[in-house]
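The sequence lines fix the lettering, A, B, ..., with proteins before strands; numbering per chain opens at 1. It should be emphasised that the depicted structure is a prediction, and the values quoted were computed from it without experimental measurement.
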There are 2 protein chains.
Amino acid sequence: MGIRPRIEVDRSSPIPLYFQVAEQIAEAIRTGELAPGDQLDSEVQIAESLGLSRPTVRQAIGHLVDRGMIVRRRGVGTQILPMPVRREMELTSLHDDLARSGRAPATDVLLLARVPAEPEAAAALGLAAGTPVTKVVRLRRSQGEPLAVMRNWLPEPVPPLTVEVLETRGLYEVLRKAGIRICVARQRIGACTADAEQAALLEERRGAALLTMERTAFDDNGRAVEFGSHIYRASRYSLEVTVTEH
Amino acid sequence: MGIRPRIEVDRSSPIPLYFQVAEQIAEAIRTGELAPGDQLDSEVQIAESLGLSRPTVRQAIGHLVDRGMIVRRRGVGTQILPMPVRREMELTSLHDDLARSGRAPATDVLLLARVPAEPEAAAALGLAAGTPVTKVVRLRRSQGEPLAVMRNWLPEPVPPLTVEVLETRGLYEVLRKAGIRICVARQRIGACTADAEQAALLEERRGAALLTMERTAFDDNGRAVEFGSHIYRASRYSLEVTVTEH
DNA sequence: GCGGTCACTTTGTCCGGACAACAGGTTGAC
DNA sequence: GTCAACCTGTTGTCCGGACAAAGTGACCGC
């Protein structure tokens with residue numbers, strides 16, 4: 001016999017039932033109502049108590065398994081895993097992540113211009129070198145301190161971008177608002193040491209460790225809609241990811 | 001009208017049908033039989049041609065969506081995305097990954113001992129500081145060159161580990177063979193510069209950029225079964241991940 | 001030429017059902 | 001005390017079905 005989280009579904013909501021269930025179980029885990037080691041009720045019991053079908057409940061639980069929040073064992077049941085990471089790797093931008101965790105993100109736009117694409121950006125975007133793209137360079141701060149320098153290249157057509165918009169919102173938020181449906185991104189994560197320019201921008205000493213990330217985002221047509229090349233102060237930033245068995 | 005990959009399912013196989021379908025479509029993508037931009041047949045058509053149900057085919061396709069290999073759009077169809085990354089982040093060890101990509105991994109075991117757990121390892125494993133654990137330190141080479149130094153702490157009971165086994169197999173393979181079912185891992189990825197000891201081990205100059213990873217792996221009981229702290233030569237190694245919209 | 005409508009296609013969501021496989025606990029025989 | 005068999009509980013896999021929602025293309029009227 002397991003623990004039954006307090007869940008209510010709203011059939012009049014446009015949000016799918018399985019999604020409502022998944023989010024409420026996730027919230028119960030985050031708030032501690034469900035603690036690591038706790039065992040959930042069985043799928044049949046949860047379905048009956050919510051008036052839902054078992055496949056719908058299984059789909060909800062499947063999402064939590066994919067996020068590394070719970071684990072299922074045939075014949076045993078479903079168990080809450082130790083607390084998940086602070087920052088799951090999602091298709092969001094650093095601005096959104098910092099805002100979400102209350103760390104007062106601030107952004108200085110260092111460049112916003114229509115330029116011929118450099119070869120690496122052109123390749124990542126599937127364009128011929130020299131094709132005009134919009135290039136954005138921003139310095140991102142957290143709690144007043146420099147955290148990251150982000151360079152992004154956006155193929156045309158580009159939604160109207162202004163310095164003001166870029167300084168107050170995340171890039172992905174802007175793109176999504178413009179109707180671009182980002183659905184997958186490929187990232188290469190590495191490290192380097194800061195050269196003089198990078199050190200000056202990030203207020204680090206030359207030679208300091210930097211975390212690097214190159215990312216190409218695709219929309220639901222398989223079209224590359226953004227190429228980004230970011231550097232982060234390793235002294236102030238790390239990535240946390242959850243990997244689940246497939 | 002889409003493209004129908006050449007697929008055959010074997011109902012006598014213990015491998016689930018949805019898994020067989022997913023792997024064969026993935027293989028068709030990897031080999032180029034299905035190219036980026038190609039559109040798959042509809043779910044109904046694939047189901048009919050294979051004699052499977054639509055939910056089974058949907059489950060197979062869902063796995064490919066999760067892996068960032070294809071994208072679905074309601075009313076439009078299913079489309080192949082540009083080629084996925086070389087190294088997806090999976091619950092495997094570096095040894096397995098290098099072996100898979102034919103890069104002649106080699107391992108020197110620098111330490112294999114039962115020691116009292118250092119505080120950080122103890123915390124990650126959910127143990128009291130000083131609890132005896134097995135500590136493994138290995139130098140991993142690729143094509144003869146040093147690539148990474150990996151330190152791992154394993155809580156008791158530990159499967160029988162020998163230097164020989166650790167030098168020829170990946171750690172996760174050994175743990176799995178011993179019946180430990182690793183199902184989720186949490187990783188923190190960062191960067192640092194090499195100190196004198198690290199530089200010597202990795203044949204890098206002092207101050208060179210290193211990619212760092214700390215990882216805690218859990219079994220299907222929610223028990224921490226491994227804590228690892230790895231450093232990689234940034235000049236020779238980067239991580240590639242695919243992030244999909246949830 | 002353009003906009004609106006309609007029909008069709010395809011995926012998304014939800015349901016009920018059946019059976020298989022795994023796991024753990026209990027019981028009885030030795 | 002140990003082991004095997006059995007029973008119960010739970011998840012995993014697969015199925016057929018229905019309807020909703022999004023998207024596209026053709027057609028028609030202006």
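Salt-bridge annotation for R176(B) and E173(B): absent, with no side-chain N of the basic residue lying under 4.0 Å from a carboxylate O of the acidic one. Using a 4.0 Å cut-off between charged side-chain N and carboxylate O, R67(A) and E23(A) make a salt bridge.
Side-chain contact, R186(A) with T242(B): a donor N or O sits under 3.5 Å from an acceptor N or O. A donor atom on one side chain and an acceptor atom on the other are found under 3.5 Å apart for N221(B) and R73(A).
Of the side-chain N and O atoms in R11(B), one or more sit less than 4.0 angstrom from OP1 or OP2 of dC15(D). When the side-chain nitrogen and oxygen atoms of T78(A) are compared with OP1 and OP2 of dT11(D), one or more of them lie within a distance under 4.0 Å. Taking side-chain N and O atoms only, Y18(A) has a distance below 4.0 Å to OP1 or OP2 of dT13(C). Contact annotation: R54(A) does not reach the phosphate of dC14(C) (side-chain N/O to OP1 or OP2, under 4.0 Å). An OP1 or OP2 oxygen of dG23(D) is reached within less than 4.0 angstrom by a side-chain nitrogen or oxygen of R181(A). Between R58(B) and dG12(C) there is a side-chain N or O to OP1 or OP2 distance below 4.0 Å. An OP1 or OP2 oxygen of dT13(C) is reached within less than 4.0 angstrom by no side-chain nitrogen or oxygen of T56(A).
Between I61(B) atom CD1 and dG12(C) atom P there is a gap of 9 Å when expressed in whole angstrom units. What separates CD of Q39(B) from P of dT10(C) is a distance of 8 Å, to the nearest Å. Going from atom CD of Q59(B) over to atom C1' of dG12(C) covers 15 Å, rounded to whole Å. To the nearest angstrom, P of dT13(C) lies 10 Å from CZ of F19(A). When rounded to the nearest whole Å, the span between CG of L50(B) and C1' of dG16(D) equals 17 Å. Distance E245(A) CD to dG12(D) P: 13 Å, rounded to the nearest Å. A straight line from CD of E43(A) to P of dG17(C) spans 17 Å, rounded to a whole angstrom. Following rounding to the nearest Å, I15(B) (CD1) and dA21(C) (C1') show an atom-to-atom distance of 16 Å.
Projected onto DNA chain D by closest heavy-atom contact, G75(B) and G77(A) fall at different nucleotides, the more 5' of which corresponds to G77(A). The nearest heavy atom of DNA chain C to G51(A) and to R73(B) marks one nucleotide each, and the one closer to the 5' end goes with R73(B).
Looking at heavy atoms from C-beta onward, R138(A) lies in side-chain contact with V109(A) at the 4.5 angstrom threshold.
The nucleotide whose nearest atom lies closest to any side-chain atom of S42(A) is, among dA21(C), dT13(C), dT10(D), dT10(D). Here the nucleotide nearest the side chain of R74(B), chosen from dG12(D), dC14(C), dA20(D), is dA20(D). Closest to the L17(B) side chain, of the nucleotides dG23(D), dT11(D), dC15(D), is dC15(D).
When heavy atoms are screened at a 4.0 angstrom cut-off, P55(A) is found touching base atoms of the nucleic acid.
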Query - Criterion salt bridge (Lys or Arg N to Asp or Glu O under 4.0 Å) on E245(B) and R181(A), from CA distance to verdict - result: CA-CA 10 Å; E245(B) 176 70 84; R181(A) 281 178 299 204; over 6 Å; no
